[in-house]
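Counting starts at 1 for both ligands and their atoms, in listed order. Basis for what follows: all heavy atoms, side chains included, without hydrogens, waters or symmetry-related copies.
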Amino acid sequence: MHLDALSGPLPLQPRHTESAVLPASCEIAVIGGGIIGLAIAWRLAKAGHEVVVIDPSPGQGASRVAGGMLGATAETGFAEASQVHHHQVSRQAWDPFLADLSRDLEKKIEYAAIGTLVVGLDSSDLRAVNHIAAFQAALGLDVERLDRGELDVKCPGLGRSVVSGWLLRDDGAIDNRAILVDLIDACGVNGVRFVSTQVDRISESRHGARELTTPIGDTSAKIVIVATGAARLPELPLASPSLVIPQVHPVAGTIVRLFGSATVPHLDYTVRSLVYGRPCYLVPRKGGSVVLGATSVERGYDLHIDAGGLFQLLEDGRKIFPALDDYAIEEIATGLRPTTDSHIPFVEEVDQGLIAALGHYRNGFLLAPATALRVADLVLSGKRDAR
Ligand SMILES: Cc1cc2nc3c(=O)[nH]c(=O)nc-3n(C[C@H](O)[C@H](O)[C@H](O)COP(=O)(O)OP(=O)(O)OC[C@H]3O[C@@H](n4cnc5c(N)ncnc54)[C@H](O)[C@@H]3O)c2cc1C
């Protein structure tokens, strides 16, 4: 299984011009139009570069399935302590990122910036949640303990077992599908061309350019950016001894999208919880929908939805927010989170004019602005040292 494994069934409907014709050459080719490739393409086009995005189905892949949480604090656990600064920088970069995007599209693009609630279901969950919150507080992150009364004021209708929790004030959430459409549109506004095919092979650099081989022909690019998510990489030149791109593994995650009519209780806050040790979250969207996520299974390029995982997810979701019983199921989807062995994203120039932006794992949305700036920096100012 290759690209099919990453493509969701429903197309986004952005207003960009997609072509099945490759230009003979271009300045920058971005391979992959998920949140990472699109953010990079848009940034580079805004800086005046000629950019082509090559992807058979941009805006699909893991990015289409994600919860869209900007969990700079929640995603900083013990294993991620070294990433705390990077998480914070990228979280803060979302405001200018959206301001720029709003200007390009001449509309106000907003996101949920009121914070995230973290709760635990039983006393063991709560001890774990308290332990991590204390660690986050020690790192200087903005976490505030809330008792049940305070939780009820912010978020009426939590399950009866929830006795206390935390407000992570700096964590936000973005509508993943809306922002993908907006980025594709903003790429179009800035002259990015989209070519609907997949890259099978990237050649060695010759005379300052590389050939890209696709099923519809070849093109050459001075700079090639590989942002292919969890998919297998295109074939790379073996002759470059310096060329080191880490293995990217897929970690499957299933979400359920549910819709609550005007008569049922709604959430204002993203709620993350441990439910008997299992992580679970609910991310509200404007208009009454909520994203319930997510399972996490390493089983290769396999997008099937297990009944058992789904049953558990729905069961855990209703324990946190019982009103979920009255919601209608809109969609069930699985995506493949792209991760490196270290779970740390790899954003480097690996060979002259060949940049990899891979392995964003659980945080592609949180980290997209920082990755786009980092790649722009690599391309624009020649600062090509390791992060
Ligand atoms: C269930 C789930 C929940 C998540 N929740 C969150 C969250 O709340 N917050 C958060 O920050 N992150 C979240 N993530 C993680 C986030 O979705 C990923 O980190 C992010 O989408 C990765 O983006 P990407 O652009 O690297 O990959 P993708 O979105 O997978 O895009 C890769 C693109 O590359 C294209 N491609 C692949 N190979 C080729 C090729 N050879 N030629 C041309 N094109 C190619 C594909 O068609 C695809 O469009 C979640 C992920 C999952 C699965």
I need the single residue from V162, L274, L126 that forms a side chain to side chain contact (heavy atoms under 4.5 Å, CB included) with L121. Which is it? V162
Side-chain donor or acceptor of Q83 paired with backbone N/O of T76 under 3.5 Å: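 No, because the side chain of Q83 does not come within donor-acceptor range (under 3.5 Å) of the backbone of T76.
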Quick check: are there more than 12 heavy atoms from other residues, nucleotides or ligands sitting under 6.0 Å from CZ of R278? yes
Does NZ belonging to K319 count more than 12 external heavy atoms closer than 6.0 Å?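 For K319, atom NZ is crowded (more than 12 foreign heavy atoms under 6.0 Å).
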Student check: side-chain heavy atoms of [X] and [Y] closer than 4.5 Å:
X	Y	answer
E349	L354	no
I355	V224	no
I174	W94	yes

With respect to [X], determine whether any N or O atom, backbone or side chain, lies less than 3.5 Å from an N or O atom of ligand 1.
X	value
V251	no
G364	yes
A230	no
G67	yes
L366	yes
M69	yes
G61	no
T254	no
G335	no
A357	no

As an exercise, identify every atom of ligand 1 less than 4.0 angstrom from a heavy atom of [X].
X	answer
I255	1 (C)
I54	43 (C), 44 (N)
N363	10 (C), 11 (O), 12 (N)
S63	20 (C), 21 (O), 23 (O), 25 (O), 28 (P), 29 (O)
H360	19 (O)
I31	40 (C), 42 (N), 43 (C)
I35	20 (C), 21 (O), 23 (O), 25 (O)
P56	43 (C), 44 (N)

Can you tell me how the ring of F135 sits relative to the ring of F78, calling it parallel under 30°, perpendicular over 60° and tilted otherwise?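 Aromatic pair F135/F78 classed tilted.
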Using heavy atoms and a threshold below 4.0 Å, how should the contact between [X] and ligand 1 be classified: side chain, backbone, both, or neither?
X	value
D200	neither
A173	neither
A66	both
R362	backbone

Could you tell me which non-hydrogen atom of [X] sits nearest to which non-hydrogen atom of [Y], and how far apart they are?
X	Y	result
A252	R337	O-NH1, 3.1 Å
R285	G67	NH2-O, 2.7 Å
T334	L303	O-CD2, 3.3 Å

For [atom], which candidate among [options] provides the closest heavy atom?
atom	options	value
atom 49 (O) of ligand 1	V195, T197, D55	D55
atom 1 (C) of ligand 1	G359, G253, A368	G253
atom 32 (C) of ligand 1	T339, T228, L180	T228

What do you reckon, does G293 put a non-hydrogen atom under 4.0 Å from ligand 1? no
How would you list, by chain and number, every residue that makes a salt bridge (charged side-chain N to carboxylate O under 4.0 Å, His left out) with E144, sequence neighbours excluded? R169
Taking only distance into account, with no hydrogens and no angle test, what donor-acceptor pairs under 3.5 Å do side-chain atoms of residues 26-41 form with protein atoms, sequence neighbours excluded?
from: E27; atom 1: OE1; to: H49; atom 2: ND1; distance (Å): 3.4
from: E27; atom 1: OE1; to: E50; atom 2: N; distance (Å): 3.0
from: E27; atom 1: OE2; to: H49; atom 2: ND1; distance (Å): 2.7

Under a 4.0 Å threshold between the charged nitrogen and the carboxylate oxygen, would E106 count as salt-bridged to R103?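 No salt bridge links R103 with E106.
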Looking just at side-chain N and O atoms, do N130 and W166 make a donor-acceptor pair shorter than 3.5 Å?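 Yes, side-chain donor-acceptor contact under 3.5 Å.
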